[in-house]
Every structure is written in C-alpha cells, then in structure tokens.
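To start, the structure itself, in structure tokens.
Computed from a predicted structure; not experimentally measured. Chain A is the first sequence line, chain B the second, and so forth, proteins listed ahead of strands; every chain is numbered from 1.
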Amino acid sequence: GNSVTQMEGPVTLSEEAFLTINCTYTATGYPSLFWYVQYPGEGLQLLLKATKADDKGSNKGFEATYRKETTSFHLEKGSVQVSDSAVYFCALSESAGGTSYGKLTFGQGTILTVHP
Amino acid sequence: NAGVTQTPKFRVLKTGQSMTLLCAQDMNHEYMYWYRQDPGMGLRLIHYSVGEGTTAKGEVPDGYNVSRLKKQNFLLGLESAAPSQTSVYFCASRKTGTSYNEQFFGPGTRLTVL
C-alpha cells in the first residue's frame, strides 16, 4: 500500500535560517503530492502541491519538487519566520485514473519551531 | 461562507458512552472524509463518503460508524467509546474531479475517553 515518511522532528530554527523537511513516499502509479500545514489550534491547510514528476509546487516562500527517481518531495524555505512555526504534513493521493476518491495518505508530521 | 465546521470542539466521555460528531460544509462538495490525528502518526482515514447516502471504510474504521443523509453533513458516531479512541478528529471535504483537488479541513474535535 501507499506510505509517506517524513523526517523526524521537532525541528527548531532561528529566524531567517534555511529550512528543509524531508519527505519520501511509496506508491503505485503516479500519485499527486502535497504539503499541508497545521497552525496551533487549527485544522490543516494546503500549503503546496505537485501533480507530476519534476513539477515544483510553491507558496508563501516554500517550495517542493516532485522527484520520481528518488520518490521524494522535500519541503524547503530559504528564510523562515516565527510565523512559520507549525506542524507540516507531507501527503500523497493516488493518480486521478484510480478509484481512490482523492483519499490522502499522510506522513507523521514534523513540528517546526522558529525562534526570534 | 464558513467552509468546513465541526461540532463539538471538545468532549470528554466515559468508557462505554456514545456520541456523534457533526461535520458540515457549505461548499457543495461531493466528497467528505473523517480522519483521526494521533501524536507521531499523522492523520489516518476512518471513513469517507463520495456522495449523499454513500459511505465507505478507510484505514481505521473499527469502532466508528458514519452517515451522510444530506450532502452537506457527514456524521461520525462512536457507539461505545474506548480510551483508544482518545484523539483529535478532523473532517474534510473536496469537490469531485481529479485526485489532486484540495481537501478542505475543519478545525477539529478533541475527544478524550476516560
């Protein structure tokens, strides 16, 4: 079955530091890949997505590239802010041609704390 | 446009008690999902629905039942709560179409079973 593995956290950085959160996946076919973010006390929000190999998703200074050859979708940001403190989830959805009905398989989440 | 709302936000149950969690969405989405979130395990799919009157099992369905009598509502029931069901429950909805359409999440319900 499908699975998503994220780097273990928590991750603690100083403001303006570079961020990388690793994500690798196992899936049949050609899944779509997502990063969701959960701010304290809130539900999950879509941060970015990529639907095919070599696609780069980007939003709010965050980027991730769909690497089929390494089955990875690592999240990066060049300069983090205190407001980026949150839990980040990598997720995949099976290819559109299947009958998965858009079900998401999530990684375990990575807690990011950014200090001033 | 409230998006996805969940009721209640918090609840404490005793073992063996029953309760229903309500999820409502005003985006006219066909697909709805119930997840549970546990520390170190991400979100796991409990049940989902692809339309009014239809439901299906997800990854961890045991101990839960669901109903989708109206398109905008998706109910999650616990008939006899157990401490293992202590968790944060999230509802989500998504429009039909390609699988990369975004899922929209509610704010969650924190359930404690004593």
Check whether more than 12 heavy atoms from other residues, nucleotides or ligands sit under 6.0 Å from atom CD of A:Glu16, and answer yes or no.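 No, because the 6.0 Å sphere around CD of A:Glu16 holds 12 heavy atoms or fewer from other groups.
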Taking CD in A:Glu15 as the centre, count heavy atoms belonging to other residues, nucleotides or ligands within less than 6.0 Å. Is the count above 12?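 Yes.
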Are [Y] and [X] co-members of a hydrophobic cluster defined by side-chain heavy atoms under 4.5 Å apart?
| X | Y | value |
| --- | --- | --- |
| A:Leu112 | A:Val37 | yes |
| B:Tyr48 | B:Tyr64 | no |
| B:Tyr89 | B:Phe105 | no |
| A:Phe62 | A:Tyr25 | yes |
| B:Leu22 | B:Tyr33 | no |

Are the side chain of B:Tyr31 and the backbone N or O of A:Lys103 linked by a donor-acceptor pair below 3.5 Å?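 Not at all, since once roles are kept as given, no pair shorter than 3.5 Å links the two residues.
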If the contact rule is any heavy atom under 4.5 Å from chain A, which residues of residues 34-45 of chain B qualify, in numerical order?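 From residues 34-45 of chain B, the residues near chain A are B:Tyr35, B:Gln37, B:Gly40, B:Met41, B:Gly42, B:Leu43, B:Leu45.
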Toward chain B, the part of A:Gln38 with a non-hydrogen atom under 4.5 Å: side chain
Mind checking the CZ-OG spacing from B:Arg94 to A:Ser93? Nearest 0.5 Å is all I need. 6.5 Å
Show, in sequence, the C-alpha distance, side-chain angles and deciding distance for B:Gln103 and A:Leu46, and conclude whether the side chain to side chain contact (heavy atoms under 4.5 Å, CB included) test is met. CA-CA 8 Å; B:Gln103 285 192 21; A:Leu46 180 65; over 6 Å; no
